[in-house]
Amino acid sequence: MLSKAYEPQEVEAHWRKHWEEGKTFTPDMSAPGDPYSIVIPPPNVTGILHIGHALNQTLQDVLCRHARQKGKNVLWLPGTDHAGIATQNVVERALAKEGKRRHDLGREAFIERVWEWKKQYGGQILEQIKSLGASVDWTREAFTMDDNLARAVRKVFVQLYKDGLIYKGKYIVNWCPRCHTALADDEVDHIDSKGMLWHIRYDFADGSGSVTIATTRPETMLGDSAVCVHPEDERYAGLAGKKLILPIANREIPLIADRYVDREFGTGCLKVTPCHDPNDWNLGHAHNLEFIQVIDDNGNMVQDETLCGKYAGMSREECRKAIVEELRENGHLVAEEPLSHSVGCCYRCKTVIEPYVSDQWFVALSKLAPRARAAVPSDIKIYPENWTKTYYNWLDNIRDWCISRQIWWGHRIPAWTCPDCGELIVSETDPTACTKCGCTNLEQDPDVLDTWFSSALWPFSTMGWPEQTDTLKKFYPTSVLVTGFDILFFWVARMIIMGQQFMGEVPFKEVYIHALVRDAQGRKMSKSLGNGIDPQDMVQKYGADSLRFTLTAFAAMGRDIRMSEERIEGYRHFMNKVWNAARFALMNLPEDAAPKAVDLGAVKGLHHQWILNRLEEVKAEEDAALESYRFNDAAQCVYKFLWNEFCDWYLELIKADMREEGERKEEAQYVLYTVLKEILLLLHPMAPFVTAEVWSSLPGNEGTDIATELYPAERPECRKPLEADQMMFLQEAISAIRTIRAELNIKPSYKLTVVLRPASDEQAALLESGRGFFDLARLESLTIDANAHAPKASASNVVRGCEVIVLLDGAVDFQAELARLDKEIGKVDKDLVALNGKLSNENFVMRAPAELVESEKARQADLMDKKAKMQALQIRFKEAMGE
RNA sequence: GGGCGGUUAGCUCAGUUGGUAGAGUAUCGGUCUUACACACCGACUGUCGGGGGUUCGAGUCCCUCACCGCCCACCA
């Protein structure tokens with residue numbers, strides 16, 4: 001017997017072990033089903049599971065488990081990402097505690113140290129994924145630094161280089177002076193901040209006056225090589241070509257004109273520092289200016305007094321203050337005004353980015369983008385569709401991708417230079433000698449690749465590429481990619497590009513972009529805010545199924561999810577409901593074997609016909625919802641069916657059957673058994689643990705695993721909408737009695753005497769056949785008779801034309817009943833007014849579909865009938881009061 | 001500067017071809033009815049952000065305004 005309340009801990013541990021050790025989710029390569037595959041978006045090895053991962057993985061698991069139920073051959077491939085900068089930072093921090101820096105260890109020892117760290121802590125996030133019940137194939141677990149993935153990286157790099165799609169060059173890049181590396185454009189966060197705009201006067205060399213420039217970065221003026229104005233700016237007409245004296249540095253620089261300058265901003269006069277601003281870099285090339293570097297890779301002014309004078313060696317922040325001070329003193333500072341602008345920051349450490357000129361490697365995304373753009377939507381469908389536009393927008397404005405990073409942890413760039421002749425060798429295998437001069441002292445490029453470079457290969461590198469493995473043949477391209485929109489650019493677009501380039505085929509057929517999880521106030525969850533809901537805590541407290549079901553139920557498309565603990569708690573109630581419904585079933589089913597089968601298309605009980613009909617509808621509904629990624633609809637429809645129909649009505653209705661013996665009981669047992677089993681199957685993708693446990697405890701299921709069962713097949717013979725509607729009428733009548741009882745404050749334990757006056761002979765027959773169901777309203781006696789006299793002291797309502805009359809004895813509050821009737825008639829009136837208006841509108845009657853007009857007329861007739869009957873009842877009630 | 005999303009019951013949100021506004025939660029009243037108090041029975045709650053338009057009919061389609069949020073972008 002199951003315990004009274006559902007206790008997830010032991011159940012989850014048991015099934016996790018069962019699934020892992022039994023390799024339940026390792027696909028059988030020779031199985032006949034159509035392949036269905038997903039590669040997991042690899043979390044960082046440094047990461048701990050946050051609620052966003054939990055959502056991401058839950059949705060994938062729902063899809064995978066559902067696909068298995070539909071007979072597909074499913075591979076869900078797990079793994080982690082080496083996360084270059086992030087991981088290096090973590091290990092460097094650990095080293096710092098020992099008072100060491102990475103340079104103290106040297107490159108090899110440091111990398112060794114990172115691997116040790118990975119061995120010790122890198123599995124943590126995988127353990128957390130396991131706790132959610134993710135049905136991944138653990139035998140195929142991958143890591144972006146695995147040998148075969150490294151091989152894939154090299155092959156791709158070399159091939160792109162040969163095709164001219166990777167190139168090396170000196171460029172101005174986003175440099176993080178703290179991480180000491182270049183960053184890609186999209187690794188820069190633009191953070192709004194309040195700064196200053198300083199207006200500085202530059203005098204003409206010939207003493208003929210001056211211009212005033214405006215800048216937010218006065219410290220860079222030491223590297224100025226021009227001042228630029230718009231050629232059509234009348235304020236500066238005819239001045240281009242004159243020389244200016246750069247204050248402080250006292251150098252001569254030219255005044256140039258370029259249409260790039262915005263006349264509206266500041267003074268319309270721009271200082272040009274080609275080495276320290278990406279726009280100025282372009283201007284510098286266009287106008288053949290001097291390139292003067294005054295800031296070094298640490299973000300300090302260069303140690304060169306001829307360039308920086310007394311500012312040499314100062315930090316850029318100190319230098320800014322000091323220069324402003326000097327300008328103020330010598331009268332060149334014309335004005336200073338506060339300015340809100342956005343400042344580029346390192347996405348990892350938030351240090352302000354320094355534009356920095358250096359040798360870097362680039363992928364020519366501008367050449368690769370058009371093909372990737374064309375793949376959507378013909379080869380790849382994006383859900384929700386709105387993201388398609390964002391995807392296009394990014395690809396249409398793409399710039400080349402800086403892929404070199406000046407750190408140690410990552411895939412080292414397979415390029416060597418010859419110290420003798422300067423030859424650059426790019427090769428899949430380590431070269432032993434220079435291909436040009438034979439020199440054997442080749443030096444490998446010290447840089448490593450951007451983490452996203454290896455991630456971009458993930459869908460095929462994890463399947464064994466460049467080998468033509470069976471896995472690759474069977475499971476590439478994958479069926480769907482499930483991810484958050486935050487990495488649409490970092491990752492999704494680049495995977496598409498690499499897939500097309502190296503597999504000749506897109507890496508996935510569909511992309512499902514899910515919401516971001518936010519806290520109850522709508523803020524992004526983050527460590528610094530301390531508002532994160534830790535999925536591990538939630539699993540501990542409420543069980544994995546509760547968390548999973550909550551995430552699924554709230555995963556409506558295109559919306560952020562606001563998560564709060566109360567919601568998870570709410571869905572724990574649901575898991576308990578499932579559990580207890582099962583306990584009830586077990587009490588009422590044979591212990592040792594499945595109940596005797598009956599022909600479900602021929603069951604007699606109206607309640608059985610109703611629930612079986614509803615089951616068919618729900619089966620179709622959930623399937624359709626999941627096929628179109630409407631996770632919330634799938635979860636909701638099962639939730640409502642189980643709780644509001646199966647538990648609230650059906651289980652109550654069959655209690656009477658279970659007290660009997662023989663055919664009636666057997667029929668109820670078999671329908672109960674069938675419906676419960678199929679509900680468990682419907683629920684299983686979202687709540688794998690509780691359903692697995694209940695499933696295996698059902699008679700006849702010993703030793704079976706719900707995870708390998710098929711989706712319940714359709715049962716067309718059980719589609720009985722007419723009978724279902726009849727049953728619903730009975731439920732409405734019962735509810736009407738319950739409402740009267742509640743509103744007149746009659747105790748539930750008090751047994752009522754009820755008279756039903758049916759509107760037709762058919763209704764009378766139906767009520768008579770369903771007489772037993774009225775136990776649910778707790779009755780003393782039930783009279784079904786169209787001609788029965790309504791006792792004067794009675795409360796009443798009308799359901800589908802049938803008068804429902806509850807006898808009252810003297811203890812009842814007559815005023816309360818009168819008020820209740822008034823209210824009820826009021827409601828009918830309100831509906832009737834709207835309806836009459838509609839039907840008296842000729843346009844409506846003429847133009848609306850005939851069906852609709854008919855049904856509205858029927859409703860009108862029904863309401864009028866109800867109103868008339870209720871008024872009659874009210875009049876008689878008033879008479880009774882008078883007596 | 002471009003692009004996207006949101007504004008529906010006190011709160012958090014559903015609402016798939018336009019056709020009687022829903023759920024959970026909260027609140028109120030009642031119940032130990034032998035699966036479940038993590039429960040049961042019932043009640044209450046809405047000019048669907050404002051304005052305009054299309055339509056017989058709009059939460060749903062179009063326009064416009066307001067406020068909130070996100071993404072992208074080299075305005076110093």
Side-chain angles (χ1 to χ4, degrees), chain A residues 2 4-6 185-186 190 197 213-217 220 228 260-262 264-267 269-273 277-282 339 341-342 344 355 386-387 389-390 392-394 397 485-486 488-489 516 518 520 522 524 542 546 553-554 556-564 566-567 569-588 624-625 628 630 632-633 636 639-640 644 647-648 651-652 655 735 738-743 745-749 775-778 831 834-835 838 841-849 851-853 855-856 859:
Chain A
L2 305 176
K4 188 167 174 179
Y6 176 50
D185 290 331
D186 50 16
H190 294 272
L197 187 64
I213 60 94
T215 182
T216 55
R217 300 200 58 199
T220 64
C228 190
Y260 161 75
V261 175
D262 178 358
E264 306 298 316
F265 189 89
T267 60
C269 202
L270 170 75
K271 73 184 208 49
V272 183
T273 321
D277 183 283
N279 304 310
D280 295 4
W281 167 265
N282 293 334
L339 179 78
H341 62 140
S342 70
N386 331 1
W387 288 107
K389 222 170 174 175
T390 309
Y392 290 154
N393 200 294
W394 189 71
N397 297 297
F485 59 79
D486 46 338
L488 185 64
F489 308 137
L516 230 55
R518 297 176 180 282
K524 199 168 174 175
Y542 306 108
S546 306
F554 282 92
M557 274 199 223
R559 261 254 208 174
D560 291 345
I561 301 176
R562 295 192 185 200
M563 183 49 70
S564 69
E566 291 83 77
R567 290 166 181 243
E569 194 177 356
Y571 281 107
R572 176 186 55 173
H573 299 343
F574 179 61
M575 298 308 148
N576 192 54
K577 193 73 179 174
V578 175
W579 185 257
N580 274 291
R583 289 180 67 219
F584 173 81
L586 289 174
M587 286 172 60
N588 288 287
S628 50
R630 286 180 289 116
N632 55 325
D633 287 347
Q636 285 307 333
Y639 178 96
K640 285 182 185 169
N644 303 119
C647 290
D648 288 350
L651 295 187
E652 295 302 325
K655 281 178 181 173
S735 288
R738 285 173 171 172
T739 302
I740 290 171
R741 181 197 289 279
E743 294 197 339
N745 278 319
I746 302 167
K747 283 192 173 302
S749 51
D775 285 353
L776 265 55
R778 303 217 99 213
D831 285 355
L835 209 48
K838 212 172 184 179
N841 180 344
E842 279 182 32
N843 280 322
F844 174 75
V845 180
M846 269 166 53
R847 303 197 192 193
E851 285 173 11
L852 184 71
V853 176
S855 77
E856 294 290 73
R859 245 186 82 219

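Naming convention: chains lettered A, B, ... in sequence-line order (proteins, then strands); numbering from 1 in each chain.
The nucleotide whose nearest atom lies closest to any side-chain atom of Pro748(A) is, among rU33(B), rC38(B), rC74(B), rU33(B). In this structure, of rA43(B), rG29(B), rC36(B), it is rG29(B) that holds the atom nearest to the side chain of Ala742(A). Comparing rG19(B), rU31(B), rA39(B) by their closest approach to the side chain of His573(A) singles out rA39(B). Proximity note for Glu743(A) (side chain, C-beta onward) versus rG42(B), rG19(B), rC72(B): the nearest is rG42(B). If you check rA76(B), rG22(B), rC38(B) against the side chain of Ala5(A), the one that comes closest is rC38(B). Among the nucleotides rC74(B), rA35(B), rA14(B), the one closest to any side-chain atom of Asn632(A) is rA14(B). For Cys647(A), the side-chain atoms get nearest to rA35(B) when compared with the rest of rA43(B), rA76(B), rA35(B). Comparing rG19(B), rA76(B), rA35(B) by their nearest atom to the side chain of Lys655(A) picks out rA35(B). Residue Asp633(A) places its side chain closer to rA14(B) than to any other of rC13(B), rA14(B), rG42(B). Taking every side-chain heavy atom of Arg572(A) into account, rC38(B) is the closest of rG22(B), rG30(B), rC38(B).
Taking atom C1' on both rC13(B) and rG51(B), the two are 27 Å apart, rounded to the nearest angstrom. To the nearest whole angstrom, the two C1' atoms, one in rC44(B) and one in rG22(B), are 16 Å apart. rA23(B) and rC68(B) have their C1' atoms separated by 25 Å, given to the nearest Å. For rG50(B) and rU17(B), the P atoms lie 22 Å apart once the distance is rounded to whole Å. Taking atom P in both rG24(B) and rG42(B), the straight-line distance is 12 Å, to the nearest Å. Comparing the P positions of rG49(B) and rC11(B) gives a spacing of 14 Å, expressed to the nearest Å. Taking the C1' atom of each, rG53(B) and rG1(B) are spaced 30 Å apart, rounded to whole Å. Nucleotides rG18(B) and rC62(B) place their C1' atoms 13 Å apart, quoted to the nearest Å.
If you take CG on Asp277(A) and OG1 on Thr215(A), they are separated by 8.5 Å, rounding to the nearest 0.5 Å. With values rounded to the nearest 0.5 angstrom, Tyr542(A) atom OH is found 14.0 Å from Met575(A) atom CE. Here the NZ-SG distance, from Lys271(A) to Cys228(A), works out to 12.5 Å after rounding to the nearest 0.5 Å. One distance of note links CG of Asp648(A) with NZ of Lys577(A); it measures 5.5 Å at 0.5 Å rounding. Atom CE in Met587(A) sits 7.5 Å away from atom CZ in Arg583(A) (nearest 0.5 Å).
What separates CZ of Arg778(A) from C1' of rC40(B) is a distance of 12 Å, to the nearest Å. Put simply, CD1 on Ile746(A) is 12 Å from C1' on rG42(B), counting in whole angstrom units. When rounded to the nearest whole Å, the span between CD1 of Ile213(A) and P of rA76(B) equals 13 Å. Put simply, CG on Asp280(A) is 11 Å from P on rA76(B), counting in whole angstrom units. The distance from atom CG of Asn644(A) to atom P of rA39(B) is 12 Å, rounded to the nearest whole Å. As rounded to whole Å, 13 Å separates atom C1' of rC32(B) from atom NZ of Lys747(A). If you take OH of Tyr571(A) and P of rC36(B), they are 24 Å apart, rounded to a whole angstrom. Leu586(A) places its CG atom 16 Å from the C1' atom of rU34(B), with the value rounded to the nearest Å.
Within 4.0 Å of Leu835(A), counting heavy atoms only, lies no atom of the nucleic acid at all. Residue contacts for Pro849(A): at a heavy-atom cut-off of 4.0 Å it reaches a base atom on one of the strands shown. Nucleic acid contact class of Phe574(A) (heavy atoms, under 4.0 Å, all strands): none. Nucleic acid contact for Asn745(A): sugar-phosphate only, since backbone atoms but no base atoms lie under 4.0 Å from a heavy atom of the residue. Nucleic acid contact for Glu652(A): base, since at least one base atom lies under 4.0 Å from a heavy atom of the residue. Across all strands shown, Arg859(A) has heavy atoms under 4.0 Å from base atoms, whether or not it also approaches the sugar-phosphate. At the heavy-atom level, Arg738(A) lies under 4.0 Å from the strands shown only through sugar-phosphate atoms. Thr216(A) comes within contact range of the sugar-phosphate backbone alone, with a heavy-atom separation under 4.0 Å but no base atom that close. The residue Asn841(A) sits close only to the backbone: its heavy atoms come under 4.0 Å of sugar-phosphate atoms, none of a base. Contacts of Asn397(A) with the nucleic acid, taken as non-hydrogen atoms under 4.0 Å apart, are absent.
Taking only side-chain nitrogens and oxygens, Lys4(A) never comes nearer than 4.0 Å to OP1 or OP2 of rC38(B). An OP1 or OP2 oxygen of rG42(B) is reached within less than 4.0 angstrom by a side-chain nitrogen or oxygen of Ser735(A). Remark: Lys577(A) is in phosphate contact with rC40(B), judged by side-chain N or O atoms under 4.0 Å from OP1 or OP2. Residue Asn576(A) has no polar side-chain atom (N or O) positioned under 4.0 Å from OP1 or OP2 of rA39(B).
Base pairing of rC11(B): its partner is rG24(B), meeting the Watson-Crick or G-U wobble criterion (both donor-acceptor distances under 3.5 Å). Remark: rG57(B) base-pairs with no nucleotide; criterion is Watson-Crick or G-U wobble with both hydrogen-bond distances under 3.5 Å. Judged by Watson-Crick or G-U wobble contacts below 3.5 Å, the nucleotide rC36(B) has no partner. Nucleotide rC44(B) forms no Watson-Crick or G-U wobble pair with any nucleotide shown, as no partner meets the under 3.5 Å limit on both distances. When Watson-Crick and G-U wobble pairs are counted only if both distances are under 3.5 Å, rG5(B) pairs with rC68(B).
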Starting from the C-alpha separation in whole Å, work towards a yes-or-no answer on side-chain contact (heavy atoms from CB on, under 4.5 Å) for Tyr260(A) and Leu270(A). CA-CA 10 Å; Tyr260(A) 161 75; Leu270(A) 170 75; 3.9 Å; yes

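At distances below 3.5 Å, at least one donor-acceptor pair connects side-chain atoms of Asn397(A) with backbone N or O atoms of Asn393(A).
Residue Lys389(A) is the one, among Lys389(A) and Tyr639(A), whose nearest nucleotide of RNA chain B lies closer to the 5' end (criterion: closest heavy atom).
For the side-chain contact (heavy atoms from CB on, under 4.5 Å) with Glu743(A), the lone residue among Thr739(A), Asn745(A), Ile746(A), Ile740(A) that qualifies is Thr739(A).
Annotation: Tyr571(A) is in aromatic contact with Tyr639(A) [ring centroid separation under 6.0 Å].
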